[in-house]
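Note sheet for the following structure.
We number each residue from 1, following the sequence as shown.
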Amino acid sequence: MSKRLALAGLIWAAVSVVAFVAVSDVIVAAGLVIFGFVLLVVLAMASDWEQHPDFEEREMHRAQRRAARWHRGAGARARDRERWEAHQARKAARTRTPGDDDRA
């Protein structure tokens, strides 16, 4: 946790206490506290805004995952290709009968 975020949390807590003491209406004070909490959450979420990977890094990681998945499936693709070629050979043999003599 960063020092700025901790300081912002302490300021929010102090302002919350002051809001409940100084404002006579509890609903308005609670609204101010909630608004301050939302701002604190936004500050916390934005504190590491620049620490994410850029587009090129994400795409490189995705490409590596796709390549690994492609290599893992190489055996299945080879088996599918063999079955397809065997199917095509059976299909070609079925359409050609021994009595055919290519005369039209």
Check ring-ring contact (aromatic ring centres under 6.0 Å, His included) between Trp70 and all other residues, then give those that pass, not counting sequence neighbours.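 Applying ring-ring contact (aromatic ring centres under 6.0 Å, His included) to Trp70 gives none.
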Is the closest side-chain heavy-atom distance between Leu40 and Leu5 below 4.5 Å?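 Result yes, sub-4.5 Å side-chain heavy-atom pair found.
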Considering only heavy atoms from C-beta outward, does the side chain of Lys3 approach that of Leu7 to under 4.5 Å?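 Heavy-atom side-chain distance check fails, nothing below 4.5 Å.
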Which heavy atom in Ala29 sits nearest to a heavy atom in Ala19, and how many Å separate them?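 Looks like CB-O, 3.6 Å.
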Exceeds 12 heavy-atom contacts within 6.0 angstrom, atom CZ of Arg58: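 Result for CZ/Arg58: enclosed.
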Common cluster, Leu43/Met45, ILVMFWY with side-chain heavy-atom separation under 4.5 Å: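 As far as the 4.5 Å side-chain criterion goes, Met45 and Leu43 are connected within one cluster.
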Please tell me whether Val33 and Val26 are part of a single hydrophobic cluster in this structure, the criterion being side-chain heavy atoms less than 4.5 Å apart.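 Yes, Val33 and Val26 fall within the same hydrophobic cluster.
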Would you mind listing every ring pair (Phe, Tyr, Trp, His ring centres under 6.0 Å) that reaches into residues 10-43, with sequence neighbours excluded?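 Listed once each, the pairs are Trp12-Phe37.
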Give every residue pair that meets the salt bridge (charged side-chain N to carboxylate O under 4.0 Å, His left out) criterion with at least one member in residues 64-82, sequence neighbours excluded.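 Applying salt bridge (charged side-chain N to carboxylate O under 4.0 Å, His left out) to every pair that reaches into residues 64-82, excluding sequence neighbours, yields Asp80-Arg83.
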